[in-house]
Protein chains: 2
Amino acid sequence: MVRRNGLGDGRPKRPTLETVAARAKVSRATVSRVVNGDAAVSPEVRENVLRAVKELGYVPNAAARSLATRRTDTVALVLSIPRPDDALTAAVVQYVTSVLEGAGKQITLMLADTSESHRRIVRHVEAGLSDGVVLLPTDGADPLAERLARTDVPLVLLGRPAISSLVPYVDADNTGGAAAATEHLLRQGRRHIGLVCGPTHLVAVQDRMAGHRDTLQRAGRLPHVALAGDTAESGAAALTRLLSDERRLDAVLATSDHLAIGVLRAAAEAGRRVPDDLAVVGFGDIEAAAYTTPALTTVRTPASDQAMALARLMLSRLEGRHATPVVLPARLVTRSSG
Amino acid sequence: MVRRNGLGDGRPKRPTLETVAARAKVSRATVSRVVNGDAAVSPEVRENVLRAVKELGYVPNAAARSLATRRTDTVALVLSIPRPDDALTAAVVQYVTSVLEGAGKQITLMLADTSESHRRIVRHVEAGLSDGVVLLPTDGADPLAERLARTDVPLVLLGRPAISSLVPYVDADNTGGAAAATEHLLRQGRRHIGLVCGPTHLVAVQDRMAGHRDTLQRAGRLPHVALAGDTAESGAAALTRLLSDERRLDAVLATSDHLAIGVLRAAAEAGRRVPDDLAVVGFGDIEAAAYTTPALTTVRTPASDQAMALARLMLSRLEGRHATPVVLPARLVTRSSG
DNA sequence: CTGTTAGCGCTTTCAG
DNA sequence: CTGAAAGCGCTAACAG
């Protein structure tokens with residue numbers, strides 16, 4: 001029977017620098033140099049050391065190194081619990097992780113949902129557990145970002161912060177995406193375009209609203225806005241309200257695909273054919289968007305698209321190589337709904 | 001202009017135990033005790049220390065603590081890059097993280113896609129960076145699991161390993177789920193039931209196949225199996241083959257919802273009405289399953305359902321409190337497709 | 001109940 | 001190019 005240790009048990013003894021040094025008949029310092037590919041070490045000595053390392057299966061102890069260098073090579077990836085099906089967050093996490101690992105960093109995943117968790121995150125950083133933070137969009141992200149910025153650890157945000165600050169961020173062009181969607185609708189000759197928008201405290205939603213409104217305005221059209229939550233149900237309810245306000249409504253842009261799916265449903269119930277009577281455009285291009293009937297036309301956010309590029313941009317900001325914000329283009333994916 | 005440090009810069013000087021001790025006029029040991037809520041310390045001294053801690057904003061240095069205790073309170077969460085829209089993995093990650101954080105652990109996220117990454121993971125563990133590993137299903141999970149098991153760090157798998165070992169795991173009842181789905185179809189009087197199955201090297205797929213086959217066998221029915229990949233397209237192709245082999249086919253179970261979605265599509269193209277002519281049942285209950293036409297009947301895996309319970313079970317195994325495998329029930333979600 | 005004393009394993013001047 | 005020595009900040013016996 002294999003002995004299995006509990007979490008708190010500690011580990012069996014592993015070789016240390018000392019062991020390797022003895023074996024290679026050199027000093028610890030020299031081994032350290034070799035292991036870190038650091039200073040100049042004579043080839044023969046290096047050979048010896050490397051052999052000893054291999055033979056002993058030596059792996060440097062991270063805690064000791066970290067204590068001495070005051071670095072951890074760890075980046076905290078902070079996110080909130082998204083909808084369990086939030087593919088966007090999943091993709092971002094994947095790519096950010098992949099890029100960071102490629103750069104030799106560890107990734108510590110942290111959830112930022114409660115204020116308790118905010119405290120934990122700040123403590124974590126102050127305990128020196130990470131030397132960089134990537135903050136994905138969260139409800140209370142802004143205050144958290146401010147607190148983290150004060151700790152002096154490099155920080156990069158995904159998504160423009162509500163209050164502008166010096167913290168670098170990477171964002172999708174929500175404004176441009178909404179504008180493109182609206183133009184698309186206008187080009188089709190749609191004259192009464194409604195907007196179903198999600199939680200307005202989200203900066204992304206605000207930006208989408210702005211892009212829509214401005215485009216409409218430039219075209220000399222009146223906006224029709226209905227506020228909603230972020231579920232299909234609330235999207236459906238919003239369409240119902242929109243229709244009762246304006247019977248001639250012939251197009252709807254929703255600020256999320258979930259809302260759009262609800263709009264689709266409500267349209268069917270109201271006896272409006274999509275896209276003939278009513279064009280429907282969503283935002284985000286979630287997976288389900290391709291499976292609705294009719295398939296949803298939507299704005300694809302770079303996060304679900306160029307997530308890799310985005311991750312790299314974040315990393316370069318973490319490393320202090322750039323501090324300017326980046327906005328990645330969003331593009332319209334035309335399917336059957338509008 | 002705020003000075004922003006690069007990742008490698010280190011941090012400004014923070015107070016240490018020493019500082020706090022001086023301020024509270026006690027020894028470092030005492031401060032340590034207070035901070036760790038550890039031994040018995042007289043109330044007044046504790047007060048003093050706590051005040052000093054607060055005033056100085058002291059936060060213990062994790063590396064130093066880890067070096068001294070040989071623990072990290074960190075658990076590595078290892079996953080492979082799933083389909084970018086893999087909600088299941090996302091949910092599991094969320095809940096495992098949440099539970100572990102609740103238990104005061106850090107979570108290090110690691111990707112296990114390449115053999116290079118396997119090496120990195122083993123090194124990570126050997127460097128003492130984590131004192132527990134949660135391994136989510138991955139293509140090469142088994143060899144990795146074996147290597148990790150040899151490092152003596154507590155390990156728990158999500159999903160039964162292909163080759164049985166002593167490593168504890170938590171899994172969904174794939175066999176039972178497939179059996180339930182098949183019985184459901186049989187009860188409807190379906191007589192020619194096909195199986196569209198995904199990558200057969202996946203243990204979960206094997207289990208689903210087995211549950212289906214056995215149930216069919218007990219009912220004295222012949223199986224009709226078509227192999228597929230994991231995309232909707234391959235599911236569609238599989239149905240086409242199934243239909244050409246057996247025109248009377250009146251039901252299909254797919255081992256994943258993605259496949260089932262393809263089946264739905266192909267059924268429509270073949271002019272079979274679902275569920276009248278052909279019942280279709282998926283597996284997994286992904287989000288899109290609710291939005292297909294008709295809405296997909298499917299087997300809900302606990303991971304997308306009782307993910308929280310699952311996470312807790314994993315934790316208790318990591319802590320060595322249990323070493324037995326757990327299999328969580330899967331249940332049929334009946335919608336319109338079958 | 002509290003202080004003293006050793007380390008934990010690695011990096012990093014500083015000499016040589 | 002290499003070694004000696006001094007920590008990094010904390011915990012854990014062991015005395016008292």
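Per chain, numbering begins at 1; letters A, B, ... match sequence-line order. What you see below is based on every heavy atom in this structure, not just the backbone, and it leaves out hydrogens, waters and symmetry mates.
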d(CG, B:Leu129; C1', C:dG9) in whole Å: 13 Å
Between the axis at one end of the helix from C:dC1-D:dG16 to C:dG16-D:dC1 and the axis at the other (five pairs apiece), what's the angle to 10 degrees? 30°
Contacts of B:Arg160 that satisfy salt bridge (Lys or Arg N to Asp or Glu O under 4.0 Å) - sequence neighbours left out: B:Asp207
In whole angstroms, how far is the P atom of D:dC8 from the CG atom of A:Asn61? 18 Å
Report the residues that fulfil side-chain contact (heavy atoms from CB on, under 4.5 Å) with B:Arg312, sequence neighbours left out, ordered by chain and then residue number. B:Val99, B:Met308
Where protein sits on nucleotides 11-16 of chain C, one letter per nucleotide: B base, S sugar-phosphate only, - none, heavy atoms under 4.0 Å: BBB---
Which parts of residues 47-54 of chain B get close to DNA chain C, meaning a heavy atom less than 4.0 angstrom away? none
So, do A:Leu17 and A:Pro60 sit near enough that their side-chain heavy atoms are less than 4.5 Å apart? no
Does any non-hydrogen side-chain atom of B:Leu50 lie less than 4.5 Å from one of B:Val34? yes
Rounded distance in Å - CD (A:Glu126) to P (D:dC10): 13 Å
Mind checking whether B:Leu111 and A:Glu101 have side chains closer than 4.5 Å, heavy atoms only? yes
For A:Arg70 and B:Asn61, which I'm curious about, is there any donor-acceptor pair between the side chains at under 3.5 Å? no
What I'd like to find out is whether the side chain of A:Ser165 reaches to under 4.5 Å of the side chain of A:Glu146, using heavy atoms alone. yes
Rounded to whole Å, the CD-P distance (A:Glu18 to D:dG3) equals 13 Å
Taking B:Thr97 for its side chain and B:Val93 for its backbone only, find out whether a donor-acceptor pair lies under 3.5 Å. yes
Using heavy atoms to find the nearest nucleotide of DNA chain C for B:Leu67 and B:Pro43 separately, return the residue whose nucleotide is more 5′. B:Pro43
Sequence-distant partners of B:Asp142, salt bridge (Lys or Arg N to Asp or Glu O under 4.0 Å), two or more places apart: none
Strictly below 4.0 Å, N to O, side chains only: are B:Glu116 and B:Arg119 in salt-bridge contact? yes
For B:Thr16 and D:dG9, is the shortest distance between a side-chain N/O and OP1 or OP2 below 4.0 Å? no
Using atom NZ of B:Lys25 as one end and atom P of C:dT2 as the other, report the distance to the nearest whole Å. 16 Å
With a 3.5 Å distance limit and no angle check, can you tell me whether A:Thr30 reaches the backbone of A:Val26 through a side-chain donor-acceptor pair? no
